[in-house]
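Beneath this line is the structure, given in structure tokens, with notes to follow.
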Amino acid sequence: MERIVISGPSKLYGSVKISGMKNAAVAVIFGTIAVNDECIIDNLPNISDVNLSLELLKNMGAVVEKLGETKYRIDTRHISTIMAPVEEAGKMRASYYIAGASLARFGVCKVGLPGGCDFGERPIDQHVKAFEAMGAKVRIDEGYIDASAVGGMKAANIYFDCVTVGGTINAILAAVRSDGVTVIDNAAREPHIVDLANFLNFCGADITGAGTDTIKIKGNKQLHGCEYTIIPDMIEAGTFIIAAAATSSRVLIENIIPKHLESMTSKLSETGIVFEEGDDTLLVKSNVSELRPVNIKTLPYPGFPTDMNPQTAVLLCSISGVSRINETIFSDRFRYVNELRRMGASIDIENSIATFNGGQRLKAANVRAVDLRAGAAMVLAGLVAEGTTSIEDIFYIERGYDNIVEKLSSLGAAIKKISIEDFT
Ligand code: EPU
């Protein structure tokens, strides 16, 4: 068991390079099942969700070979089972993309129900609705998504009753080899949906409209392998934006797509944080004592991301005055609040709104990562707080952040990972 230990307060200097995007990487990795050929995928982040996804593919019979630091060869031609056991699939959310991709290729799947961070109920009714619209019979039984479509998936019109990232990705995957044109309305518009569509188009698919709320997929059985590079992770970049802002630092964030960050920077600039955009960089300059409080609402892209709710909370604790976050995507995303309270934060929760009475410096404490982004928030709180903060359950953080300790350390933070036995 390991912990992250941080001596704060920290001031950060220099530049940080953003890794490939977790949520695009896992969609593309499982998307290779539908392609049924050899793909070379680059810019895969070194995180446990990617490693687990590659393990799941290998267990299904795919050949996975590491070609470089972030580059892998994935050959799915000899996949021998459509079964992903619940013990493995249940360790992450994106394992349910095995269902869409296997239905596209084999017309059948048996995949353990997904796990992932606990933000309250996370139903998959919209995924099931999409599969059924395409002709599959779906049973959710004994912890498994058990589905089959006699004669393969058929093109359909799909309307999502809520904006769902996973549902949109699963519908694209399931439709990619069908006969005819599938139309998805009220589709999610996140950059990782565009990245998956681009990857599949590189493989010979015909997908248009990704990035808008209507996506058209003209099915094509003749997909082929390709070389593809995953986009940079906007949530990792957002986390470093908050790290710089909350510590009154000046940090250059490199290897980003500035357009993707506008969902955060356009709102955060209301606080007075200064952003200077380059072609693939963002310079963040902040003096937290001069920042203004702000009211934020989480929304589907291009709105402010729910995956930045916990990290932004740390900044709002540091800004004098009353700020608010209204969480509209998940019912239980404020589980990090109790941990921040242990560090002296004054936060009230009423229904879906957290109110931050900011301005007092956080105090170091022993805290837990209660989920991935909540864990990142604890790291940021440790940078801001006076004294030594120790964070437990850091495996959550390692699911989605590539070398966060090394990256913050190279920016000047006093941060290290230690095994619990070393901790005194
Ligand atoms: N929803 C339904 N029915 C469905 C699917 C979703 O009611 O069939 C609801 C959910 O309960 C939620 C809302 O729709 O209230 C949005 O959920 P969505 O399906 O968009 O979330 P997801 O696909 O499960 C992905 C990311 C999450 C991110 C959300 C929202 C991946 C692997 N996960 O989850 O990322 O929070 O979209 O943007 O892409 C993270 O990276 O830390 C993370 C949790």
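Order of appearance sets the numbers: ligands from 1, and atoms from 1 within every ligand.
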Under 4.0 Å between heavy atoms, the region of K129 that gets near ligand 1 turns out to be neither

Protein contact to atom 25 (C) of ligand 1 [nearest heavy atom, distance to 0.1 Å]: V165 CB, 4.0 Å

Going by the order shown, which atoms of ligand 1 are within less than 4.0 Å of some heavy atom of I329? 12 (C), 15 (O), 16 (C)

When distances are taken from atom 8 (O) of ligand 1, the protein heavy atom at minimum range is Q126 N, 2.7 Å

Test: K417 and E2 ion pair at under 4.0 Å: yes

How far is atom 30 (C) of ligand 1 from its nearest protein heavy atom, and which residue and atom name does that atom have? T306 CG2, 3.8 Å

With the threshold set at under 4.0 angstrom, would you say V163 reaches ligand 1 through any of its heavy atoms? yes

Of the backbone atoms (N, CA, C, O) and the side-chain heavy atoms from C-beta on, which set of I169 has a member under 4.0 Å from an atom of ligand 1: side chain, backbone, both, or neither? neither

Answer with yes or no whether the side chains of T271 and R292 bring together a donor and an acceptor at under 3.5 Å. no

Side chain, backbone, both or neither: which part of D307 comes within less than 4.0 Å of ligand 1 when only heavy atoms are counted? side chain

Ion pair check, K297 and E327, cut-off under 4.0 Å: no

Please state which part of E121 comes within less than 4.0 Å of ligand 1, counting heavy atoms only: side chain, backbone, both or neither. backbone

Whether the T281 and E254 side chains hold a donor-acceptor pair (N or O, under 3.5 Å, no angle test) is what I'd like checked. no

In plain terms, say whether D141 and K110 are close enough for a salt bridge, that is, a side-chain N and a carboxylate O under 4.0 Å apart. no

Could you tell me which atoms of ligand 1, counted from 1 in the order shown, lie closer than 4.0 angstrom to a heavy atom of R122? 22 (P), 24 (O), 34 (O)

Is the contact between D125 and ligand 1 made by the side chain, the backbone, both, or neither, using heavy atoms and a 4.0 Å cut-off? both

Check this for me - ligand 1, N23, N or O atoms closer than 3.5 angstrom, yes or no? yes

For D161, look at atom CG and say whether over 12 heavy atoms of other residues, nucleotides or ligands are found less than 6.0 Å away. yes

Which atoms of ligand 1 sit under 4.0 Å from any heavy atom of R333? 36 (O)

When you compare the side chains of N309 and Y336, does any donor N or O come within less than 3.5 Å of an acceptor on the partner? yes

Between E270 and K267 (salt bridge meaning N to carboxylate O under 4.0 Å), is one present in this structure? yes

Heavy atom under 4.0 Å from ligand 1: found in R93's side chain, backbone, both, or neither? side chain

Hey, which atoms in ligand 1 end up nearer than 4.0 Å to a heavy atom of C162? 1 (N), 2 (C), 7 (O), 9 (C), 14 (O)

Sorted by chain and number, sequence neighbours left out, salt bridge (charged side-chain N to carboxylate O under 4.0 Å, His left out) with D179 holds for K221

Considering only NZ, NE, NH1 and NH2 on the basic side and carboxylate oxygens on the acidic side, decide whether D49 and K91 come within less than 4.0 Å. no

Geometric class of the F199/Y228 ring pair [parallel <30°, tilted 30-60°, perpendicular >60°]: perpendicular

Numbered in order shown, the ligand 1 atoms found under 4.0 Å of a heavy atom of R373 are 40 (C), 41 (O), 42 (O)

Ligand 1 to L372, heavy atom cutoff 4.0 Å, flagged ligand atoms 42 (O)

Which atoms from ligand 1 have a heavy atom of G166 less than 4.0 Å away? 19 (O), 23 (O)

Ion pair check, E392 and R368, cut-off under 4.0 Å: no

Taking atom NZ of K66 as the centre, does the number of heavy atoms from other residues, nucleotides or ligands within less than 6.0 Å exceed 12? yes

Test item, P123 contacting ligand 1 (heavy atom, 4.0 angstrom): yes

Which ligand 1 atoms, with their elements, are less than 4.0 angstrom from a heavy-atom of Y96? 22 (P), 23 (O), 24 (O)

Kindly compute the distance separating CD1 (I235) from OG (S263), expressed to the nearest 0.5 Å. 7.0 Å

Using heavy-atom distances, let me know which of F160, Y301, F119, F330 sits nearest atom 44 (C) of ligand 1. F119

For atom 19 (O) of ligand 1, the closest protein heavy atom turns out to be T164 OG1, 2.7 Å

Got an N/O contact under 3.5 Å between V26 and ligand 1? no

